[in-house]
Engineer: 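The structure's right below; bear with me while I get my questions together.
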Amino acid sequence: MNIFLESHNINNKAGGLGTFNYQVIKAISKLDISNKTITLNAKYPEKLENEFGNIFKYSKYTSLERHFLFRKKKKYDVWHSLNQNTKVEPFFKPKKYILTIHDVNFVEEISSDMKHKVNKRFIEKLNRADIITYISEFAKQQTHRYFNVPNVPEHIIYNGNPSEKRIENNTFLPSFNLEKPFFYSIGDFIPRKNFLSIVKMMETIEDYVLIISGNRNKEYGYEIEKYVKDNNLQDRVILTGKVSDEAKQYYLENCTAFLFPSIREGFGLPPIEAMKFEKPVFLSNLTSLPEIGGDAAFYWDNFDAKYMKDFLLSKLEDFNNNKSFYAPKIRERADFFSWEKAAKEYLELYSS
């Protein structure tokens with residue numbers, strides 16, 4: 001069985017899609033695929049080959065592949081489009097085309113006009129699909145809300161936990177002094193992450209520091225930097241920029257609580273990473289987050305700064321007074337999400 005994984009987004013491991021691509025492929029590499037020939041598509045296939053060796057075959061991605069005449073011309077039994085927004089498609093129709101949908105936030109953020117090029121391209125992918133997988137029930141519901149989904153088999157395959165394994169003997173230390181306990185958050189600096197709400201909340205909190213990691217070199221990042229400076233919050237809000245896995249795990253290990261007020265998520269990987277470190281997790285009650293956090297997280301109902309502060313400190317006190325109640329729930333929720341489990345479900349789809 002020849003299987004092609006359209007995985008070129010693996011290059012950006014700092015983002016959710018890159019993490020998904022890498023973690024699924026890494027988990028597949030540890031399973032028995034002796035009856036399958038799996039080809040990975042990547043801009044730098046030599047990096048993947050250095051890590052995975054002859055477990056997979058490799059194909060070099062180029063931007064020309066977005067155009068019909070330059071598509072891959074080999075015939076495959078299964079073509080799995082790992083990301084719903086990729087422009088890379090097969091030249092010849094495979095026996096089965098699997099599409100994984102993470103979210104359709106672009107309808108709300110770019111355009112709801114079904115004639116817009118982003119929506120038209122997605123509709124073409126939908127109509128090409130023989131099987132559709134979603135990373136959450138919310139992602140499925142959101143897709144059905146905006147699009148006419150073809151009558152094909154649909155499956156929910158949850159993501160795993162990027163921090164399933166703790167880094168042993170982690171020697172990372174921050175380059176700045178931390179004299180107070182801190183809250184932590186991480187993600188791409190785009191408006192849907194809603195980081196500004198927790199920055200504003202910190203105006204009313206003196207006993208803690210807020211640390212946010214992620215690529216801030218974009219408009220929303222500049223907006224937050226300006227707000228911090230204009231309101232003299234430099235001693236309460238620290239923006240680290242992108243961080244290594246070692247740094248991320250250090251902050252998760254040592255934070256008092258993890259905050260994630262995102263207003264749109266198809267899944268939301270960071271909260272379950274924090275749960276792996278048995279941290280209290282505070283989320284918005286929007287989109288997929290209640291589905292992912294379950295009853296092991298705390299949820300803000302709105303983003304009023306005073307309400308957010310009062311809710312956070314109240315639930316934090318409750319957590320600290322009842323750790324024997326909360327800790328097992330958090331551990332169980334974190335362990336529910338497994339890349340091995342996800343990889344096995346994808347392989348079962350290929351075989352079926």
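Residue numbers count from 1 along this sequence.
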Engineer: Would you mind telling me which of Lys36, Lys95, Lys93 makes a salt bridge (Lys or Arg N to Asp or Glu O under 4.0 Å) with Asp77?
Structural biologist: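 For Asp77, the salt bridge (Lys or Arg N to Asp or Glu O under 4.0 Å) test succeeds with only one of Lys36, Lys95, Lys93, which is Lys95.
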Engineer: What class does the angle between the rings of Trp300 and Phe282 fall in, given that below 30° is parallel, 30 to 60° is tilted and above 60° is perpendicular?
Structural biologist: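 The rings of Trp300 and Phe282 sit tilted, inter-plane angle from 30° to 60°.
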Engineer: Is there a continuous path of hydrophobic side-chain contacts, each under 4.5 Å between heavy atoms, that joins Tyr134 to Phe138?
Structural biologist: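 Not linked; separate clusters.
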Engineer: For the residue pair Gln142 / His144, report whether a side-chain donor-acceptor contact shorter than 3.5 Å exists.
Structural biologist: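 Checked: His144/Gln142 side chains show no N/O donor-acceptor pair below 3.5 Å.
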Engineer: We want to know whether Thr86 and Glu6 form a side-chain donor-acceptor pair, criterion being a heavy-atom distance below 3.5 angstrom.
Structural biologist: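 Their side chains do contain a donor-acceptor pair, which is all the 3.5 Å distance test asks for.
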Engineer: Nearest 0.5 Å please: distance from the CZ atom of Phe20 over to the OG atom of Ser7.
Structural biologist: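 The CZ atom of Phe20 sits 10.5 Å away from the OG atom of Ser7.
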Engineer: Begin from the C-alpha positions of Met308 and Ile198 and carry the test side-chain contact (heavy atoms from CB on, under 4.5 Å) through to its verdict.
Structural biologist: CA-CA 8 Å; Met308 292 183 77; Ile198 52 177; 3.8 Å; yes
Engineer: With under 30° as parallel and over 60° as perpendicular, where do the rings of Tyr350 and His80 fit, or are they tilted in between?
Structural biologist: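 Plane angle over 60°, so perpendicular.
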Engineer: Do Arg66 and Tyr61 get their side chains close enough for a donor-acceptor pair, meaning under 3.5 Å?
Structural biologist: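 There is such a pair between these side chains.
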Engineer: Is a side-chain donor-acceptor pair under 3.5 Å present for Tyr146 with Glu108?
Structural biologist: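 A donor-acceptor contact under 3.5 Å links the two side chains.
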Engineer: Hydrogens and angles aside, do Thr133 and Thr100 bring a side-chain donor and acceptor to less than 3.5 Å of each other?
Structural biologist: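 Side chains of Thr133 and Thr100: pair found under 3.5 Å.
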Engineer: Below 4.0 angstrom, N of the basic side chain to O of the carboxylate: do Glu273 and Lys248 qualify?
Structural biologist: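 So Glu273 pairs with Lys248 through a salt bridge.
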Engineer: Side chains of Ser284 and Ser262: any donor to acceptor distance under 3.5 Å?
Structural biologist: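 Side-chain D/A pair, Ser262 to Ser284: absent.
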Engineer: Please identify which of these residues, Arg71, Lys73, Lys125, meets the salt bridge (Lys or Arg N to Asp or Glu O under 4.0 Å) condition with Glu89.
Structural biologist: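 Checked Arg71, Lys73, Lys125 against Glu89; only one passes salt bridge (Lys or Arg N to Asp or Glu O under 4.0 Å): Lys125.
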Engineer: Compare all side-chain heavy atoms of Lys229 with those of Gln234 and state whether any distance is below 4.5 angstrom.
Structural biologist: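 Lys229 vs Gln234: side chains touch.
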Engineer: Any side-chain to backbone donor/acceptor pair from Asn119 onto Asp113? Under 3.5 Å, distance only.
Structural biologist: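 Such a contact is found between Asn119 side chain and Asp113 backbone.
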Engineer: Give a yes-or-no answer on whether the side chains of Asn285 and Asp301 include a donor-acceptor pair shorter than 3.5 Å.
Structural biologist: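 There is such a pair between these side chains.
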Engineer: Roughly how far apart are Leu196 CG and Phe189 CZ, rounded to 0.5 Å?
Structural biologist: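 Reported value, rounded in 0.5 Å steps: 10.5 Å.
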Engineer: Is there a path from Phe298 to Ile292 through hydrophobic residues (I, L, V, M, F, W, Y) whose side chains come within less than 4.5 Å of each other?
Structural biologist: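 Unlinked, Phe298 and Ile292 end up in two clusters.
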Engineer: According to a 4.5 Å side-chain heavy-atom criterion applied to Ile, Leu, Val, Met, Phe, Trp and Tyr, with indirect links allowed, do Phe91 and Ile3 form part of one hydrophobic cluster?
Structural biologist: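 Per the 4.5 Å side-chain linkage, Phe91 and Ile3 are not co-clustered.
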Engineer: Is there a side-chain contact between Thr204 and Lys306 in this structure, where contact means two heavy atoms from C-beta onward sitting under 4.5 Å apart?
Structural biologist: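 No, every pair of side-chain atoms sits at 4.5 Å or beyond.
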Engineer: In a check of side chain to side chain contact (heavy atoms under 4.5 Å, CB included) between Tyr251 and each of Tyr184, Phe258, Phe183, which one passes?
Structural biologist: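 Among the candidates, only Tyr184 passes.
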Engineer: Do Ser163 and Asn161 have side-chain atoms, one donor and one acceptor, less than 3.5 Å apart?
Structural biologist: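 Ser163 vs Asn161: no donor-acceptor pair found between side chains.
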Engineer: Does any N or O in the side chain of Glu265 come within less than 3.5 Å of the main-chain N or O of Leu289, such that one atom is a donor and the other an acceptor?
Structural biologist: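 Not at all, since once roles are kept as given, no pair shorter than 3.5 Å links the two residues.
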Engineer: Does the side chain of Glu203 pick up a donor-acceptor pair with the side chain of Tyr227 at under 3.5 Å?
Structural biologist: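 Yes - a donor-acceptor pair under 3.5 Å links their side chains.
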Engineer: Tell me whether the guanidinium CZ or amine NZ of Lys47 lies under 6.0 angstrom from the six-membered ring centre of Tyr44 and within 45° of its axis.
Structural biologist: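 Yes.
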Engineer: Within this structure, what is the OH-CD1 distance for the pair Tyr58 and Ile55, rounded to the nearest 0.5 Å?
Structural biologist: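 Between Tyr58 OH and Ile55 CD1, I get 7.0 Å after rounding to 0.5 Å.
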Engineer: Closest heavy-atom contact between Ala343 and Ala27?
Structural biologist: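 Looking at all heavy atoms of both residues, the shortest contact is CB-CB, 3.6 Å.
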Engineer: Rounded to the nearest 0.5 Å, how far apart are CG of Asn21 and CG of Asn11?
Structural biologist: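 One gets 10.5 Å once the value is rounded to the nearest 0.5 Å.
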Engineer: Using the salt bridge (Lys or Arg N to Asp or Glu O under 4.0 Å) definition, which of the options Lys87, Lys43, Lys72 pairs with Glu65?
Structural biologist: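 When salt bridge (Lys or Arg N to Asp or Glu O under 4.0 Å) is applied between Glu65 and each of Lys87, Lys43, Lys72, only Lys72 qualifies.
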Engineer: Quiz question: by atom type and distance under 3.5 Å, do the side chains of Glu137 and Tyr158 form a donor-acceptor pair?
Structural biologist: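 Note: Glu137 and Tyr158 side chains miss the donor-acceptor criterion.
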Engineer: Cut-off 3.5 Å, side chains only: do Glu51 and Tyr22 have a donor facing an acceptor?
Structural biologist: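 Per modelled atom types, Glu51 and Tyr22 side chains form a pair under 3.5 Å.
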Engineer: Does Lys341 count as lying over the ring of Phe336, i.e. NZ or CZ under 6.0 Å from the six-ring centre, within 45 degrees of the axis?
Structural biologist: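 Yes - Lys341 lies over the ring of Phe336, closer than 6.0 Å to its centre and within 45° of its axis.
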